[in-house]
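For reference, the structure is listed below as structure tokens.
Ligands are counted one by one from 1 in listed order, and the atoms in each one are counted from 1 as well.
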Amino acid sequence: MAKVRTAILISGGGSNMAALIAAAQDRDYPAEIVLVAASNPQAGGLIKAKAAAVPALPFDHKSFDREGLERAVDAELEKAGVELVCLAGWMRLLSPYLIDKWRDRMINIHPSLLPDLKGLHTHQRALDAGAKEHGCTVHYVRQEMDVGPIIAQARVPVLPNDNADSLAARVLAAEHQLYPHALKLVASGRVRVEGERVVTDDAPANPVR
Ligand code: GRF
């Protein structure tokens, strides 16, 4: 079966991007990473993408307004025949232009168990709240930040001596497992959005218990 042509949008180190590229090297993986775009020319992920022989395009967000940046990126997505977009640390708020155009074809990873802890500094906020568990979520992108139908989540424990860095490292390791799993679910067509929830095709949408 043809692989789903997938782009990854980054702004930084791109460790999630690298996990997706590595997973997609498997012959049976349903997605192919055809393009990486960065909102910042210094993004470390650009070097990693090139090293993996994935076309990687730098954009300087300072040269554009929000929609201008998105239109420039979108033109490259179209040119590369992209069908699905993964946000992986794209640290720019998105405008309705890109979100509406890629509705149900754009997914994001967020470092918390949504709907808890939307926004920034999730690890410190989990510690401050005394949470015993924390984690990460892959979801479809909607206009409201860190909101959208949830595809998959992974949990990690919060340990007694954790600080924000140790907890972030544990969550990031979980992200590197979760994102390839979630992309596989989406690209293989096993999940779809129904009434703003994700349903899995091999399970009934409304199981009767
Ligand atoms: C990750 O924590 C991800 O959850 C968040 O941004 C970070 C990106 O890290 N959306 P990396 O660039 O993938 O290492």
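- Applying the 4.0 Å criterion to heavy atoms of P111 picks out, from ligand 1, the atoms 4 (O).
- Counting protein heavy atoms only, atom 8 (C) of ligand 1 is closest to G89 CA, 3.8 Å.
- The residues R71 and E67 are annotated as salt-bridged, a charged nitrogen and a carboxylate oxygen being separated by less than 4.0 angstrom.
- Interatomic distance, E70 CD to S39 OG, rounded to the nearest 0.5 Å: 11.0 Å.
- Both I8 and I151 belong to a common hydrophobic cluster when Ile, Leu, Val, Met, Phe, Trp and Tyr are linked at side-chain heavy-atom distances under 4.5 angstrom.
- If you check which protein heavy atom lies closest to atom 10 (N) of ligand 1, you get I109 O, 2.9 Å.
- For atom 13 (O) of ligand 1, the nearest protein heavy atom (residue, atom name, distance) is N16 N, 2.8 Å.
- Between the CZ atom in R142 and the CG atom in D104 there is a gap of 4.5 Å [rounded to 0.5 Å].
- Checked against a 3.5 angstrom limit, the closest N/O atoms of L172 and ligand 1 fall outside it.
- L98 CG to Q143 CD: the interatomic distance, rounded to the nearest 0.5 Å, is 10.0 Å.
- The closest approach between any non-hydrogen atom of I10 and ligand 1 is not below 4.0 Å.
- Residue contacts with ligand 1 include G14, since one or more of its heavy atoms lies under 4.0 Å from the ligand.
- The number of heavy-atom neighbours closer than 6.0 Å to CD of E78, taken from other residues, nucleotides and ligands shown, is above 12.
- Distances between N or O atoms of H110 and those of ligand 1 include no value under 3.5 Å.
- Annotation for ligand 1: atoms under 4.0 Å from non-hydrogen atoms of S15 are 11 (P), 12 (O), 13 (O), 14 (O).
- Between the choices M91, H123, E175, the shortest heavy-atom distance to atom 1 (C) of ligand 1 belongs to E175.
- Note that R105 lies in the cation-pi zone of W102, set by a 6.0 Å cut-off to the ring centre and a 45° limit from the axis.
- Using a 4.0 Å cut-off to heavy atoms of G13, the atoms of ligand 1 that qualify are 12 (O).
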- request: Please test E196 against R103 for salt bridge (charged side-chain N to carboxylate O under 4.0 Å, His left out), starting from the C-alpha separation and ending with a verdict.
  value: CA-CA 11 Å; E196 286 305 88; R103 188 180 172 92; 3.3 Å; yes

